[in-house]
Number of protein chains: 2
Amino acid sequence: MKKVFIYGTVLGFLILGLKFAEYRFLIKSNSFEVYAGLIAILFAIVGIWGGSKFVKKKEILVVKEVLVQPTENFSVNENNLKQLGISKREHDVLMLMAQGLSNQEVADKLFVSLNTVKTHSSKLFEKLNVQRRTQAVQEAKKLGLVP
Amino acid sequence: MKKVFIYGTVLGFLILGLKFAEYRFLIKSNSFEVYAGLIAILFAIVGIWGGSKFVKKKEILVVKEVLVQPTENFSVNENNLKQLGISKREHDVLMLMAQGLSNQEVADKLFVSLNTVKTHSSKLFEKLNVQRRTQAVQEAKKLGLVP
DNA sequence: TCCAAAATCATACTAAAGTATGAGCTGAAA
DNA sequence: TTTCAGCTCATACTTTAGTATGATTTTGGA
């Protein structure tokens, strides 16, 4: 509420300024209507300016909810990884698998053969106690092994 | 911008009113300072009132990020479904597929044959523009088609 | 009522996924 | 140095996934 006094003071000085000007030149060189009009315009502007400062306080909160995948600020749950005995390479395969890549695509990305990927994923399924890659991805996400 | 004219008109009428009053009683029964002060106060109020109408337009947008929780507060994005031309049955298959079920398991759950599920999923992949079920699940989650 | 879309299923494929087993290589720990 | 876990790859196989095509039946809406 400190601002109230600030604006009040500003208004006070403006009025003083007007009264001072009244006895100087404005009242002498202009008609009454012009003077009244100037006051009107001036204070309308002051009102708009000052008013906006207060009205801005009455913010209209528009809360827009945005769905965000927990991909950011993700860190692998190393504990679960160790618990299940999942090796580094197996985890690599799991990560790419979770991105929807085929075994062949994973093999290409990791510069290994298709058979190697199959071996890794097979052991992976055993450790995750699942049968299919889709289930593996689900389980891995639940365990915080992949984003 | 229509409101600008409305406020302008209101201001115009106020000025006319003041000029009218000027030749009636106000100017005769009060001193010039009082009259000027009244104009100042009046237009300050008008300014605050009018200005607030515009300022209110400036909404404060607060983006609240909500992490996607697999099960809670999920609702299917019907819009995307329609956009992609995914039928009800195809969506059923998609939902179960996203749960890591095999085609055979999906068939059992929906009381249809394995071939039917294959047909559905095949069309599904086409509509989702993917080749594999793992990619389909990914895309579906991104589009809010499945939890 | 009539029709197009949806749903169902089949056959016959090809492609990919997954399993089982064995083996060679390597680096680190015992 | 030996041992061992992890990584690699191969062969051979079974299972599941996915494609293509065609047919029949439901069904919701003009």
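It should be emphasised that the depicted structure is a prediction, and the values quoted were computed from it without experimental measurement. Letters A, B, ... mirror the listed sequences (proteins, then strands); counts begin at 1.
In the set D:dT8, D:dT19, C:dA10, the nucleotide with an atom closest to the side chain of B:Ser122 is D:dT19. Comparing D:dA17, C:dG18, D:dC9 by their closest approach to the side chain of B:Lys118 singles out D:dA17. Relative to the side chain of A:Ser113, the nucleotides C:dT19, D:dA10, C:dT8 differ in distance, and D:dA10 lies closest. Which of D:dA10, C:dT8, C:dG18 sits closest to the side chain of A:Phe125 comes down to C:dG18. With D:dC7, D:dA17, C:dC9 as the choices, the nucleotide that has an atom nearest any side-chain atom of B:Arg133 turns out to be D:dA17.
Atoms NZ (B:Lys123) and P (C:dC9) sit 14 Å apart, rounded to a whole Å. The nearest whole Å value for the distance from the CG atom in A:Asn115 to the P atom in C:dA20 is 15 Å. Atom P of nucleotide C:dA15 and atom CD of A:Glu105 are separated by 16 Å, given to the nearest angstrom. The separation between A:Ile86 atom CD1 and D:dC7 atom C1' is 16 Å, rounded to whole Å. Note: CG (A:Leu128) to P (C:dT19) measures 12 Å, nearest angstrom. When the C1' atom of D:dC9 is taken as reference, atom CG of A:Asp108 falls 15 Å away, rounded to whole Å. In this structure, A:Glu90 places its CD atom 15 Å from P of D:dC9, rounding to the nearest Å. We find that CG of A:Leu94 is positioned 13 Å from P of D:dC7, with the value rounded to whole Å.
Within the 4.0 angstrom heavy-atom criterion, no nucleotide atom of any strand lies near A:Ser121. Within 4.0 Å of B:Ser87, counting heavy atoms only, lie sugar-phosphate atoms of the nucleic acid but no base atom. Nucleic acid contact class of B:Asn103 (heavy atoms, under 4.0 Å, all strands): sugar-phosphate only. The residue B:Ser102 sits close only to the backbone: its heavy atoms come under 4.0 Å of sugar-phosphate atoms, none of a base.
For B:Phe111 and A:Gln104, each mapped to the nucleotide of DNA chain C holding its nearest heavy atom, the one lying further toward the 5' end belongs to B:Phe111. Map B:Lys88 and B:Leu114 each onto its nearest nucleotide of DNA chain C; the residue landing nearer the 5' end is B:Lys88. Closest-nucleotide positions on DNA chain D for B:Gln131 and B:Thr119 were compared, and the one nearer the 5' end corresponds to B:Gln131.
Using a cut-off of 4.0 Å between Lys/Arg side-chain N and Asp/Glu carboxylate O, B:Glu139 and B:Lys127 are scored as not salt-bridged.
Two residues are said to be in side-chain contact when any heavy atoms from C-beta on lie closer than 4.5 Å; A:Asp108 and A:Gln104 meet this criterion.
Residue B:His120 places at least one side-chain N or O closer than 4.0 Å to OP1 or OP2 of C:dT8. Listed pair A:Arg132 / C:dG18 fails the phosphate criterion, with no side-chain N or O lying under 4.0 Å from OP1 or OP2.
The distance from atom CD1 of A:Ile86 to atom CZ of A:Arg89, rounded to the nearest 0.5 Å, is 15.5 Å. In this structure, the separation between CG on B:Leu84 and CG on B:Leu145 is 6.5 Å, given to the nearest 0.5 Å. Separating the CZ atom in A:Arg133 from the CZ atom in A:Phe125 is a distance of 5.5 Å, to the nearest 0.5 Å.
Tested against B:Val93, the residues B:Lys109, B:His120, B:Lys118 include a single side chain to side chain contact (heavy atoms under 4.5 Å, CB included) partner, B:His120.
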